[in-house]
Amino acid sequence: MGIRLPTWVWIGAVALSCVAGIVNVVGFLGFEHQAVSHMTGSTSQLGMALAQGDWRAVGHLWGLLIAFSLGAMLSGLLIQDSTLQLGRRYGVALALESALLLVSIPLFEQHQIWGALAAAMACGLQNAMATTFSGAVVRTTHLSGMFTDLGIGLGHLLRGLPLQVRRLTLSGLIISGFLAGGILGAWLFVRWQYDALLAPALLTGLTGLGYVLYQQWARWRH
């Protein structure tokens, strides 16, 4: 029961959640120990910093929130809809995400907050790029909604209500992809430090290029 999702949605959601898991772990293990893929914790930290009068932290945290929002705004300008659909400018969005991650590497290495801001902007761009498909929430940079969907599904199951298997499976796969990305990101950071971000940058960049080439080929055929 539940929504029907094409194969490209399943693969894309898992791959992008893995990308976000890598980026977020590198942000945590980096010099600022700051999450960059979701803003809930950062907003709470901002509240604490304001209460404590830690203006340096306030500036950094506001910067993260603004950068993530700017990334989402950029996605809105490019794609102009929150519903996944082939034919839109996902290739350009993925290429920009790749560029932002590549730019963040030398900035992180120089211990500049701009590295975290570039990574947060990349995550905001990615999260806004893939939001819904046929009623299913496809958030790839944070998991609160995924765990909420799983909990709701279990509640429905206990009440004997119809279980939306595909939607819950998608939530489980996104959670698994994010976790796998976290494991991979930690492993890569130990060995490569900030160059660990080359992995998600290459993945998003090559995928974006492949998508653009596919679109051009499809137009040539027609």
Side-chain angles (χ1 to χ4, degrees), residues 13 16-79 81-83 93 96-97 99-101 103-105 107-108 110-132 136-152 170-171 174-183 185-186 189 194 196-197 200-201 204:
L16 289 177
S17 63
C18 184
V19 164
I22 296 173
V23 176
N24 202 46
V25 161
V26 171
F28 266 123
L29 295 177
F31 74 100
E32 285 285 341
H33 306 293
Q34 181 64 57
V36 295
S37 77
H38 56 280
M39 297 294 104
T40 305
S42 298
T43 303
S44 296
Q45 288 180 299
L46 175 61
M48 291 188 293
L50 286 167
Q52 296 165 359
D54 185 349
W55 304 116
R56 177 180 178 275
V58 167
H60 286 183
L61 291 163
W62 265 123
L64 282 173
L65 298 175
I66 292 170
F68 190 94
S69 299
L70 287 175
M73 181 187 74
L74 185 57
S75 176
L77 288 171
L78 288 171
I79 298 171
D81 202 338
S82 62
T83 303
L96 285 173
E97 179 180 356
L100 286 166
L101 292 175
V103 165
S104 74
I105 295 173
L107 296 172
F108 267 128
Q110 297 168 23
H111 286 195
Q112 293 188 23
I113 190 61
W114 293 103
L117 299 185
M121 189 173 181
C123 289
L125 173 61
Q126 175 183 307
N127 203 50
M129 178 182 64
T131 55
T132 61
V137 176
V138 188
R139 300 287 191 184
T140 57
T141 68
H142 59 274
L143 303 179
S144 297
M146 302 299 103
F147 280 109
T148 300
D149 283 349
L150 287 176
I152 291 171
L170 180 63
S171 296
I174 289 175
I175 291 169
S176 299
F178 195 93
L179 176 60
I183 296 170
F189 189 84
Y194 294 111
L197 291 174
T204 53

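Here, residue 1 is the first one in the sequence, and each next residue gets the next number.
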With heavy-atom distances below 4.5 Å as the criterion, would you say the side chains of [X] and [Y] are in contact?
X	Y	result
Ser37	Val23	no
Leu78	Leu96	yes
Phe178	Ile175	no

Quiz item: Quick one: ring pair (Phe, Tyr, Trp, His ring centres under 6.0 Å) partners of Phe147, sequence neighbours excluded?
Solution: none
Quiz item: What pairs with His111 under ring pair (Phe, Tyr, Trp, His ring centres under 6.0 Å), at least two apart in sequence or on another chain?
Solution: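 Partners of His111 by the ring pair (Phe, Tyr, Trp, His ring centres under 6.0 Å) criterion, ordered by chain and then number, come out as Phe31.
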If every non-hydrogen atom of [X] is compared with every non-hydrogen atom of [Y], which pair is closest and at what distance?
X	Y	value
Ser104	Gly115	CB-O, 3.3 Å
Ala119	Leu101	CA-CD2, 4.4 Å
Leu64	Ala35	CD1-O, 4.1 Å

If I take atom [atom1] from residue [X] and atom [atom2] from residue [Y], how far apart are they, to the nearest 0.5 angstrom?
X	Y	atom1	atom2	answer
Ile22	Ile183	CD1	CD1	11.0 Å
Phe189	Tyr194	CZ	OH	5.0 Å
Leu70	Ser75	CG	OG	12.5 Å
Leu117	Leu65	CG	CG	10.0 Å
Glu97	Leu74	CD	CG	11.0 Å
Thr140	Ile174	OG1	CD1	7.0 Å

Quiz item: Which pairs count as salt bridge (charged side-chain N to carboxylate O under 4.0 Å, His left out) when at least one residue sits in residues 61-71, sequence neighbours excluded?
Solution: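 Not a single pair qualifies under salt bridge (charged side-chain N to carboxylate O under 4.0 Å, His left out).
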Self-check item: Given Leu125, Asn127, Val36, the one that forms side chain to side chain contact (heavy atoms under 4.5 Å, CB included) with Phe68
Solution: Asn127
Quiz prompt | Check: Leu61 main-chain N/O paired with Ser42 side-chain donor or acceptor under 3.5 Å | solution = no
Self-check item: Residues that Gln45 engages under side chain to side chain donor-acceptor pair (under 3.5 Å), provided they are two or more places apart
Solution: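 Applying side chain to side chain donor-acceptor pair (under 3.5 Å) to Gln45 gives Gln34.
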Considering only distance and modelled atom types, tabulate donor-acceptor pairs under 3.5 Å from the side chains of residues 49-59, sequence neighbours left out.
| residue | atom | partner | partner atom | Å |
| --- | --- | --- | --- | --- |
| Asp54 | OD1 | Ala57 | N | 3.3 |
| Trp55 | NE1 | Gly53 | O | 3.3 |
| Arg56 | NH2 | Glu32 | OE2 | 3.2 |

Exercise. For Ala186, enumerate each residue passing the side chain to side chain contact (heavy atoms under 4.5 Å, CB included) test, keeping only those at least two apart in sequence or located in another chain.
Key: Val25, Leu29
Quiz item: Is a side-chain donor-acceptor pair under 3.5 Å present for Gln126 with Thr141?
Solution: no
